[in-house]
Amino acid sequence: MDLLKQCQQWFEQDEAQKVIDTLEAIPAEERTPELDSELAKAYIAVAHIGEREPFEKALELLAPHEEHFAEDHCWNYRIASAYYFLDEEGPALRYFEKALKARPGDKDTQEYIDDCRRRLSLPRFEKNFRERTQEGWAAFSQIEAELRQIIDTDETHQRGEELVEKCGNALKTALRDTSFELGFNGEKYELILSPEGLRSRLFPLVYFQKQAPESVLEHWNIWVGRQPCEGFELRAGEIEVRADDVQMWAEETEDHQVSLVLYCEKLTPILKEDTDKVWWALSMLVDQTIGEVSAIAFVAGFDVYAQPKDEPAKLLSELPELLQSMGLSLWRDGSDYLENSYLAYELEPVEDPEADWRLDVYTGSCRLPVLINDYLTARSDMVDEYHKDGIAAGFLLYPLSGFTGEERVKAILDFRDNLRDAILRDAGEEAVTFLGGATGLYCGYLDFIAWDLPAVLTAAQAFFEGSDLPYAHFHAFRRDVGGVPLLDEKEPEPDIHEETGSLLSAEDIAMLESFDEGTSGYF
């Protein structure tokens with residue numbers, strides 16, 4: 001019997017484990033895309049809710065064959081299911097939608113799509129990032145003495161892998177995928193959390209850093225961002241490279257950053273064979289020269305040249321002095337930088353009152369522009385990344401029609417400030433980080449990252465209920481889902497504390513299903 005037909009028969013007989021045993025016995029390089037897809041289906045079939053490994057294995061098997069199965073219903077349904085049961089409803093929704101396109105009208109697929117949209121409208125997590133952070137530091141506290149002992153005694157650096165594994169296992173309790181370094185500066189031990197060049201990763205890392213318990217801080221410095229290291233030497237194979245070996249041409253951009261062109265004669269032979277390796281090496285040298293956070297703040301990007309430019313060059317080691325000559329102060333830690341990272345922006349507003357929320361914005365400020373840009377272009381990459389770690393990024397919206405008179409602008413800003421202050425007071429600083437706000441033709445907006453979304457929305461709802469507003473909503477930074485009414489003039493909510501429990505409870509599915517499922521417009 002053909003092996004694929006045999007697999008189908010085993011599935012019909014509810015014997016998915018036989019599929020796994022048989023197909024895993026075949027070397028991976030000898031399995032066809034079709035067999036990998038069947039093996040993934042089997043892992044999904046034997047998995048239990050709450051398990052991660054079988055679904056992660058299914059993703060590993062399915063992902064390499066996306067081009068091959070681009071319009072196949074079964075493949076899209078299977079990879080969507082794997083994401084769904086890993087609580088990654090964002091990518092799950094996209095693949096379920098592709099599965100439905102391949103098989104229009106499929107009831108099961110449509111039900112999953114509807115459920116993904118409900119879950120993404122009001123993100124709920126088995127453990128939110130506030131809880132994950134508490135567990136992460138508890139896990140680190142249990143092993144930190146052992147880490148210090150290894151650092152003290154491992155004079156020949158033979159236990160590096162063990163050190164990294166022990167620390168990584170503790171940190172991933174909070175952060176599924178993070179880069180870090182461990183060391184000792186002569187006085188205290190150091191844990192350096194790297195955002196890997198991404199501004200967006202600074203926010204969860206800084207939050208995690210600030211929650212470090214005193215028992216840990218007694219022995220450890222916790223830094224966000226690789227620190228500058230004068231004289232740092234990088235080895236690429238047999239080649240040793242320092243910042244003094246790299247020529248640099250810098251051009252100041254309009255937003256007070258620098259765009260760099262870099263040339264390193266020592267790395268030119270590798271450039272022809274492995275471009276990515278050279279880019280990584282030069283990125284690391286830039287980070288070590290000015291610090292990783294300063295690189296995020298001030299370096300708009302760089303190009304790598306195979307030949308030097310004709311014009312005079314500086315050395316990469318001179319980059320700190322160059323930035324300082326521009327009036328820029330180098331940042332040592334991510335927390336200091338984020339406190340001073342607001343950017344003002346202006347947009348051309350959409351005048352249609354029925355357009356999607358937020359498209360009416362004409363002015364605002366933000367600390368994480370990628371969220372605004374992704375939302376406006378109907379992308380959700382960043383919010384999906386946050387979602388993996390129990391983090392919700394969204395905004396509160398409310399009508400501005402009641403703000404009138406000569407002091408209208410001041411009243412609008414004061415209201416937003418009062419809303420922010422009320423949430424900080426009632427939910428606590430451990431629940432939320434505010435990112436800025438915006439003013440539109442019809443609505444006002446307050447943007448935030450929620451480490452504990454139920455606490456944030458409960459506090460916001462209480463504030464709105466004490467106002468004269470006709471309605472107010474929460475909306476995730478996603479265009480493919482609807483908003484969650486916190487104050488709804490069309491259908492007044494019952495007394496949620498007496499009748500149904502909290503509106504924001506993760507288990508309150510019935511109430512969730514009453515929320516808007518399409519894209520919200522203005523009332």
Side-chain angles (χ1 to χ4, degrees), residues 179 194-203 205 224-229 232 234 236 241-268 270-334 336-338 340-345 366-377 379 381-382 385 435:
S179 177
S194 170
E196 299 182 275
L198 297 174
R199 180 189 181 109
S200 58
R201 291 189 181 177
L202 287 173
F203 287 90
L205 292 180
V224 173
R226 297 187 187 95
Q227 303 297 294
C229 182
F232 175 80
L234 185 71
V241 184
R242 296 171 177 261
D244 284 336
D245 297 320
V246 182
Q247 291 181 268
M248 172 187 73
W249 295 265
E251 181 179 349
E252 186 174 355
T253 66
E254 293 181 357
D255 51 358
H256 302 293
Q257 292 183 305
V258 291
S259 180
L260 304 177
V261 170
L262 303 178
Y263 166 74
C264 180
E265 184 178 4
K266 287 185 175 181
L267 294 176
T268 300
I270 304 176
L271 185 62
K272 299 175 183 178
E273 303 167 4
D274 193 341
T275 302
D276 290 342
K277 188 173 184 177
V278 173
W279 278 83
W280 174 84
L282 292 175
S283 295
M284 184 65 69
L285 282 172
V286 171
D287 286 351
Q288 297 290 345
T289 301
I290 60 174
E292 189 176 10
V293 175
S294 293
I296 291 173
F298 302 134
V299 178
F302 64 84
D303 289 326
V304 179
Y305 277 24
Q307 297 290 335
K309 296 179 69 172
D310 293 334
E311 55 197 78
K314 290 181 179 292
L315 298 179
L316 180 58
S317 56
E318 299 177 78
L319 183 55
E321 291 77 13
L322 173 64
L323 294 174
Q324 290 168 357
S325 71
M326 295 168 54
L328 302 174
S329 299
L330 299 184
W331 301 105
R332 187 176 183 186
D333 185 73
D336 299 330
Y337 166 60
L338 288 186
N340 299 273
S341 63
Y342 281 95
L343 301 171
Y345 64 90
C366 67
R367 299 165 72 188
L368 191 51
V370 64
L371 279 177
I372 309 292
N373 294 335
D374 277 5
Y375 181 85
L376 294 177
T377 56
R379 295 177 61 89
D381 301 33
M382 189 63 261
E385 281 296 309
L435 300 175

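For the pair Val224 and Leu202, the minimum side-chain heavy-atom distance is below 4.5 Å. Using a 4.5 Å heavy-atom cutoff, the side chains of Phe232 and Leu234 are in contact. The shortest distance between side-chain heavy atoms of Leu322 and Met248 falls below 4.5 Å. At least one side-chain heavy atom of Leu343 sits under 4.5 Å from a side-chain heavy atom of Pro369. Using a 4.5 Å heavy-atom threshold, the side chains of Ser194 and Arg201 count as separate. Within the 4.5 Å cutoff, no side-chain heavy atoms of Val278 are placed close to those of Thr275. Residues Phe203 and Leu435 form a side-chain contact, since some pair of their non-hydrogen atoms from C-beta on lies under 4.5 Å apart. Using a 4.5 Å cut-off on side-chain heavy atoms (C-beta onward), Leu338 and Arg367 make contact.
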Can you check side-chain contact (heavy atoms from CB on, under 4.5 Å) on Ser341 and Arg199, steps first, answer last?
CA-CA 10 Å; Ser341 63; Arg199 180 189 181 109; 3.4 Å; yes

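Put simply, CD1 on Ile290 and CG on Leu319 are 4.5 Å apart, with the number rounded to the nearest 0.5 Å. Rounding to the nearest 0.5 angstrom, the gap separating the CG atom in Leu271 from the CD atom in Glu265 is 13.0 Å. Remark: Cys229 SG to Asp287 CG distance equals 12.0 Å, nearest 0.5 Å. Taking CE from Met326 and NE2 from His256, the interatomic distance works out to 8.0 Å, rounded to the nearest 0.5 Å. The CG atom of Leu282 lies 12.0 Å from the OH atom of Tyr263; values are rounded to the nearest 0.5 Å. Remark: Thr377 OG1 to Ile372 CD1 distance equals 11.0 Å, nearest 0.5 Å.
Counting non-hydrogen atoms of neighbouring residues, nucleotides and ligands closer than 6.0 angstrom, the CZ atom of Arg379 reaches no more than 12 such neighbours. Environment of CD in Glu252: crowded, with over 12 heavy atoms of neighbouring residues, nucleotides or ligands closer than 6.0 Å.
Panel note: side chain Ser179, backbone Glu196; no donor-acceptor pair is recorded below 3.5 Å. With hydrogens and angles disregarded, a donor-acceptor distance shorter than 3.5 Å links the side chain of Asn340 to the backbone of Asp336. The closest donor-acceptor contact from the side chain of Gln324 to the backbone of Ser329 lies at 3.5 Å or more, if one exists at all.
Nearest heavy atom pair, residue Asp245 against residue Cys264, reads O-SG, 3.6 Å. Scanning both residues, Gly225 and Val293, for their nearest heavy atoms gives CA-CG2, 4.0 Å. Taking every heavy atom of both residues into account, Asp374 and Asp381 meet most closely at OD2-N, 3.9 Å.
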What donor-acceptor contacts under 3.5 angstrom involve side-chain atoms of residues 297-318, with partners at least two apart or in another chain?
| residue | atom | partner | partner atom | Å |
| --- | --- | --- | --- | --- |
| Ser317 | OG | Asp244 | OD1 | 2.5 |
| Glu318 | OE2 | Leu315 | N | 2.8 |

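Side-chain contact check for Arg226 and Gln288: no donor-acceptor pair (N or O, by modelled atom type) lies under 3.5 Å. When only modelled atom types and interatomic distance are considered, Glu385 and Ser200 share no side-chain donor-acceptor pair under 3.5 Å.
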